[in-house]
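Note that these values count all heavy atoms, side chains included, but never hydrogens, waters or copies made by symmetry. Remember, it's a predicted structure, so these values are computed and weren't measured experimentally. Below, read A as the first sequence line, B as the second, and so on, with proteins coming before strands; counting in each chain starts at 1.
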Amino acid sequence: MAKQAVSFTLNGKTVDVLVEPRELLIHTLRENLNQTGAHIGCETSHCGVCTVDIDGESVKSCTLLTVQTAGSDVKSVEGMATADGLHVIQQAFVDEHGLQCGFCTPGMLMRAYRFLQENPDPNDEEIRWGMSGNLCRCTGYQNIINAVRTAAKNLQQA
Amino acid sequence: MDTVADKQKREDSLNGVGCSRKRKEDARFIQGKGNYTDDIKMPGMLFADMVRSPYAHARIISINTEKALALPGVHAVLTAADLKPLNLHWMPTLAGDVQAVLADEKVHFQYQEVALVVADDRYIAADAIDLVEVEYEELPVLVDPHKAMTAEAPILREDLVGKMEGAHSTRKHDNHIFNWQAGEKDATDRVFDAAEVTVSQDMVYHRVHPCPLETCGCVASMDKINGKLTVYLTSQAPHVVRTVVSMLSGLPESSVRIVSPDIGGGFGNKVGIYPGYVASIVASIVLGVPVKWVEDRMENISTTAFARDYHMRGELAADSNGIIKALRVNVLADHGAFDSCADPSKFPAGFMHICTGSYDIPVAHLNVDGVYTNKAPGGVSYRCSFRVTEAVYVIERTMDVLAQKLGIDKAEIRRRNFVKKEQFPYTTCLGFELDSGDYHTALEKVLDAVDYKGLRREQEEKRANGELMGIGLVTFTEVVGAGPSKSCDILGVGMFDSAEIRVHPTGSVMARMGTITQGQGHQTTYAQIIASELGITSDEIAIEEGDTDTSPYGLGTYGSRSTPVGGAATAVAARKIKAKAKKIAAHLLEVSEDDLEWEVDRFKVKGVPGQEKTMKDIAWAAYNNVPEGMEPGLEAVDYYDPPNFTFPFGAYLCVVDIDKDTGVTDIRRFYALDDCGTRINPMIIDGQIHGGLTEGYAVAMGQEMPYDEEGNLLGNTLMDYFLPTFVETPKWETDYTVTPSPHHPIGAKGVAESPHVGSIPTFTSAMVDAFAHLDVTHMDMPHNAYRVWKQIKALGLLDN
C-alpha cells in the first residue's frame, strides 16, 4: 500500500512520518515514533488507555487514522513533565495513589489534563462523568477521583 | 543526643512497615516510561497473529496456507502439521491435562487457535490471517455442563477416549475430567437425616473473565549463535514458564530466559501458559528472529483464562436456634475444552474446601465433578486464591438462606456460628488450620459503623411504602499464601517463594524476589519490609523481579501469595543478614554478641551509651573488616516454605436501593472491613481493596460470558463485557482490624483478593435481601437491570 507523508506537532515538536493510509495513530506513536506511553487496550475506543490530546480535545488514538492528524497539535503523556518537573496532575496521581499497574495511567492523565481545562473546579460527580471514557481495572477509581480533585485545587493555586 | 525523639525520627526516616509511603514505581508510569511487553521492540522483530476457529466443535478437513504465504511481507504460517514433527502441537497444562497449541484435526471451542501467521507488521499479519483457508466439518456441540455426562452427549476429547484414569481421579465418562471430595460423606448425610432444620440452595457462579487492561502477549527471541532463548512475556509466574518452556523445547533451563516486564494487571489471567506463547517461541526458533504476539481484546476474553463456571448446591443442617450441625456442597464445574486451571496439583477444585467459611461446623462433605464442554479453557483464579470466591459464595449464600428460613437476622446467625477468638488455631472439619481470627469483633465494628439497626428500621419503612431496599452482609474467611510444599505444588515444584538481598558497602540494598508485581506495588512494600528489618531507609532499597536470569526461583504472584510467602522470604533473608551484621558489630565493638541490642538501625552495647554501630557502618565493614574466619560480604537468600496458609477475613455490608420500574440498582453504601494481619502500607492496602471491590462489583452486577447453543460466545468486546466505569462504580468505605498471623515472620496475611472474594456474595446478599420479604431466597448473578427487572415482573411488582 502506498505510503503518505504526514506532518503534525507532537509535544511541541514537528514530526514527519511516512504511513499507510490505514495506519492508526496509536501505532504511529508507538511503533514509528517510539512514544510507548499511550497503550492499546481494546482497539474499539472503550477503554481509553490510548488517550492523547489533539487540538484541545481528548482523543482515543486507537481509532483515529494517522493521516487525519495532519497539521494537528498532538500531546501525549511524554509531554506532560517539563524541565521544571512533573505536571501538577502527575504529582497528584502519585500523592493520592491514583495508579497501580500503570497501564491506564497515561490515558487517564491525558484525559485529566483536558478535563481540568474544560472544568477547572469540578465536584466529584462531575469528575466521574468527565473521566468516564477511561477505564481502570486496578484502583476502583476512588483514588483517581481524589487525584483529579487535588490536581484541580493545586492548579488553581499555581 | 540519644533521646526518644531521636529514635522516633530515625524510625520514621526508614519509611518501613506500617507507613503509607508513596510508591517507588510510580515515577515511570506517570511519565509514560513503563515497559510493558508490547513496548518491547527488537531489531528484525516480526509480528504474529492467530487464525482462530469460528466453530465451537468441528473437524478440520484441510488448511490451505498458499494465499497467505504469497502475500508480500508474510514469513511463515504455522499449523499443527508444522508443530507435530517437533512434538509441540500439544502442550501440558498446569492441571495435568494437555491442550492443543494449534488445533490438531479438531477444534474444541470457538476462537481456538488454528494457525499462526508471522509477518513484517501487525497490519500484514492481520491481512494474512484472512487468507488462510480452513475447511471445517461441524460437529454436535456441548454447551450445557449438566448434559456433559449423559449418554447422548457428543464426546469432545477424542485424544482421551478410553483413558479413564485421569490426572486426579478415575473418569466416569469421556467428558468427565475428575471427581474430588473432601470431608465425610456418610457422617454428614447422617446429620442431615436427623437434623431439625435443613436448607438447600442451587446457585450458578457464572463464567466471567479477569480482563486486565493489558491483554496477554510475548516477544520470543531465539539467539541461535549463543543458543539462548529469551521471552518477554506477560506472566504472573515467569519461573514456572521457564521450567515448562525448557521441558517443551528441550533447551536446558539455563538457556531459557523469561522476563516478565511491567504487567498491566493480571488478576489470574496471566498465570497460565497459552498457545500463542508456545507458537511464537516455535516461530522464533524456526525463523531465527524475534517474534511478537499480542492478543487483541476479543481474543483475550474469548480464549485466555475464563474464571468460575461453578454450578453449586449448598446445604446446611442446623437446629432450630440456627446452630449449624453439618454442611454439604455439591459442585458441577465446567472447565471448557481443556483442563487448564492453574491450581496446586493436588487440588483440582482449588481450595473449595474452605467452604466451611468462618463458622464452627462439626462435619461437612464437598463433592466436585469437573467436565469438558465446547467452551474456552481456563478456570483460573480471578483475583482469588484457587476457587475461594466460589467457596465463600456458596457458604455465605446458604447461611442467608438458613437465616431466612429460621427468621433469624443474618448478623445474628453468623454471631451464633462463628469460630470464636479463643478457638484459634482452629482446624476445620475439611482440614484447614485457620491461623488466627477475631470474627465477632470485626462484625460488631461494621454493624456499629453503619448503624445496622437503623438500616433495618429504614428498610421496614421502605417496604411499607412498596420500595425495594436490600442490606447485604457477609463475614468471609479466605485461604491464601499457597503454600506449604508438603501439600502444594505446581507441576511438581513446591510452592515456596524466595528472596535474595544484597547490602552494598555503602549500605544501600538490591533485592530480588521470585514473585512479580502487576500493580500491587512490590517495589514499595518489599522495600518497607527490608527497611524495618535492617534499619535502612526504603528509599535506598531497590527491588527487582521478573527476570529469571537474575531473580531466585519462585512460583510467582497469584492467590495473594506474595506477602504471605514472598514477603516472609524477604523478612527471613533480611534476618539472616541481620544475624551476620550482629557478629560483625560485636567484632567492631569488641564485645560479645550477647552484649548487643538492636535499636531501629543500629546495634548498641547494652548500658554503654555511644557504643554502637549503625547498619551502614556494619555494611562498610562487611567488605573490609569481618571477624576472623567469616566470609566477607553482606547478603542472603531465603527460600521460604510456609508452615501453613494464611487466613485473612473480613465483614462487608452493602445497602442497595432498587428502582421498581426499571430494575436499576443503586449501591448506596458499601462498608468493607478487612483484617489482613500486619499492615505493611495502609495506602496500598486501601488501593487494593478499592480495586478488588470494584472487580467484585463487576462480577456480581454485570460481567458474564454467555454462550448460545452452538457454542458462540455472545459478548467478547468491551461493548458487551462489563467493566465498570467511573460513573457506576460505588463509593467504597474501608475499615480494618489487625489480627496478625502467628506463623508469618511479620504477621502479614495478604489482602488484595479479600475484597473481590468478600464483596461478590455481599452484593447478592443485598439484592436478595431487597426481595426477602417476598420469600425470595436467591437470585443468580449478574444482577444487571434486565435480570432484576425480570425478577420484579415475576413477583408481580410492576405497576402496569
Next item on the list: Indicate yes or no: at least one non-hydrogen side-chain atom of A:Leu10 is less than 4.5 angstrom from one of A:Ser76.
Entry: yes

Note to self: Checking side chain to side chain donor-acceptor pair (under 3.5 Å) between B:Asn300 and each of B:Asn716, B:Thr215, B:Asn269, which is the one that passes?
What the structure shows: B:Asn269

Notebook entry, point to check: Going by the angle between their ring planes, with limits at 30° and 60°, are B:Tyr652 and B:Phe670 parallel, tilted or perpendicular?
Noted result: perpendicular

Note to self: What I'd like to find out is whether the side chain of B:Tyr526 reaches to under 4.5 Å of the side chain of B:Thr515, using heavy atoms alone.
What the structure shows: yes

Notebook entry, point to check: Any donor-acceptor pair under 3.5 Å linking the side chain of B:Gln518 with the backbone of B:Ile516?
Noted result: yes

Check: Of the listed residues (B:Ile689, B:Ile30, B:Asn35), which shares the most heavy-atom pairs with chain A below a 4.5 Å separation?
Finding: B:Ile30

Check: Between B:Tyr382 and B:His209, is the ring centre distance below 6.0 Å?
Finding: no

Notebook entry, point to check: Contact part of B:Thr729 toward chain A, heavy-atom cut-off under 4.5 Å: side chain, backbone, both or neither?
Noted result: both

Margin query: What part of A:Leu86 gets within 4.5 angstrom of chain B, counting heavy atoms only: side chain, backbone, both, or neither?
Written below: side chain

Check: Any side-chain donor paired with an acceptor under 3.5 Å for A:Thr63 and A:Ser45?
Finding: yes

Item checked: Salt bridge B:Asp26-B:Lys24, side-chain N to carboxylate O under 4.0 Å -> no

Next item on the list: Heavy-atom distances under 4.5 Å only: say whether A:Leu109 touches chain B with side chain, backbone, both or neither.
Entry: side chain

Check: Side chain, backbone, both or neither: which part of B:Phe47 has a heavy atom under 4.5 Å from chain A?
Finding: side chain

Note to self: I'd like to know which of A:Asp124, A:Leu99, A:Val77, A:Thr105 tops the heavy-atom pair count under 4.5 Å against chain B.
What the structure shows: A:Leu99

Next item on the list: Tell me, for B:Asp296 versus chain A, whether the close heavy atoms (under 4.5 Å) come from the side chain, the backbone, both or neither.
Entry: both

Margin query: Between B:Glu299 and B:Arg52, does any side-chain N to carboxylate O distance fall below 4.0 Å?
Written below: yes

Check: Where on B:Thr725 is there a heavy atom nearer than 4.5 Å to chain A: the side chain, the backbone, both, or neither?
Finding: both

Margin query: Under 4.5 Å from any heavy atom of chain A, what part of B:Ile684 do you find: side chain, backbone, both or neither?
Written below: both

Check: So what's closer than 4.5 Å to chain A heavy atoms on B:Tyr697: side chain, backbone, both or neither?
Finding: neither

Next item on the list: Go through the atoms of B:Tyr123 and report whether side chain, backbone, both or neither lie under 4.5 Å from a heavy atom of chain A.
Entry: both

Checklist line | Interchain contact, A:His87 with chain B, by part (heavy-atom threshold 4.5 Å) | finding: neither

Check: Can you say whether A:Glu31 sits under 4.5 Å from chain B via the side chain, the backbone, both, or neither, judging by heavy atoms?
Finding: both

Notebook entry, point to check: Under a 4.5 Å heavy-atom cut-off, does chain B meet the side chain of A:Glu23, its backbone, both or neither?
Noted result: both

Next item on the list: Below 4.5 Å from any heavy atom of chain B, which atoms of A:Gln90 appear? Answer side chain, backbone, both or neither.
Entry: both

Checklist line | Lys/Arg N to Asp/Glu carboxylate O, B:Lys270 vs B:Glu214, below 4.0 Å | finding: yes

Note to self: Around atom NZ of B:Lys22, are there more than 12 heavy atoms from other residues, nucleotides or ligands closer than 6.0 Å?
What the structure shows: yes

Checklist line | Winner by heavy-atom pair count (cut-off under 4.5 Å) against chain B, out of A:Glu20, A:Glu78, A:His27 | finding: A:His27

Next item on the list: Could you tell me which portion of B:Arg28 (side chain, backbone, both or neither) has an atom closer than 4.5 angstrom to a non-hydrogen atom of chain A?
Entry: neither

Check: Among A:Tyr141, A:Trp129, A:Phe115, which one satisfies ring pair (Phe, Tyr, Trp, His ring centres under 6.0 Å) with B:Phe726?
Finding: A:Tyr141

Item checked: Top contributor to chain A contacts, counting heavy-atom pairs under 4.5 Å, from B:Gly266, B:Pro724, B:Pro72, B:Ala27 -> B:Pro724

Notebook entry, point to check: With respect to chain A, which residue among B:Arg383, B:Lys33, B:Gln688 yields the maximal number of heavy-atom pairs within a distance under 4.5 Å?
Noted result: B:Gln688

Notebook entry, point to check: What residue, out of B:Gly687, B:Pro755, B:Gly265, has the most heavy-atom pairs lying under 4.5 Å from chain A?
Noted result: B:Gly687

Note to self: So which residue, A:Met80, A:Gln91, A:His39, ends up with the most heavy-atom pairs under 4.5 Å with chain B?
What the structure shows: A:His39

Checklist line | Neighbour count above 12 (heavy atom, 6.0 Å) for A:Glu57 CD | finding: no

Notebook entry, point to check: Counting distance only, does the side-chain N/O of A:Arg30 pair as donor-acceptor with the main-chain N or O of B:Asp38 below 3.5 Å?
Noted result: yes

Item checked: Lys/Arg-Asp/Glu bridge criterion (N-O < 4.0 Å) met for B:Arg21, B:Asp539 -> yes

Notebook entry, point to check: Under a 4.5 Å heavy-atom cut-off, does chain A meet the side chain of B:Pro210, its backbone, both or neither?
Noted result: backbone

Notebook entry, point to check: Between A:Met108, A:Arg137, A:His46, which shows the greatest number of heavy-atom pairs under 4.5 Å with chain B?
Noted result: A:Arg137

Note to self: For chain B, which candidate among A:Ile127, A:Asp95, A:Val49, A:Thr44 shows the most heavy-atom pairs at distances under 4.5 Å?
What the structure shows: A:Asp95

Checklist line | Heavy-atom proximity to chain B below 4.5 Å, by part of A:Ser132 | finding: both

Next item on the list: Side chain from CB out, backbone as N, CA, C, O: work out which of these in B:Met719 comes under 4.5 Å of a heavy atom of chain A, or both, or neither.
Entry: both

Next item on the list: Find the one option among B:Val294, B:Thr694, B:Asp39 whose heavy-atom pairs under 4.5 Å with chain A are most numerous.
Entry: B:Asp39

Notebook entry, point to check: Is it the backbone or the side chain of B:Leu723 that comes under 4.5 Å from a heavy atom of chain A, or both, or neither?
Noted result: both

Check: Could B:Asp127 and A:Arg22 be called an ion pair, given the rule that one side-chain N must be under 4.0 Å from one carboxylate O?
Finding: yes

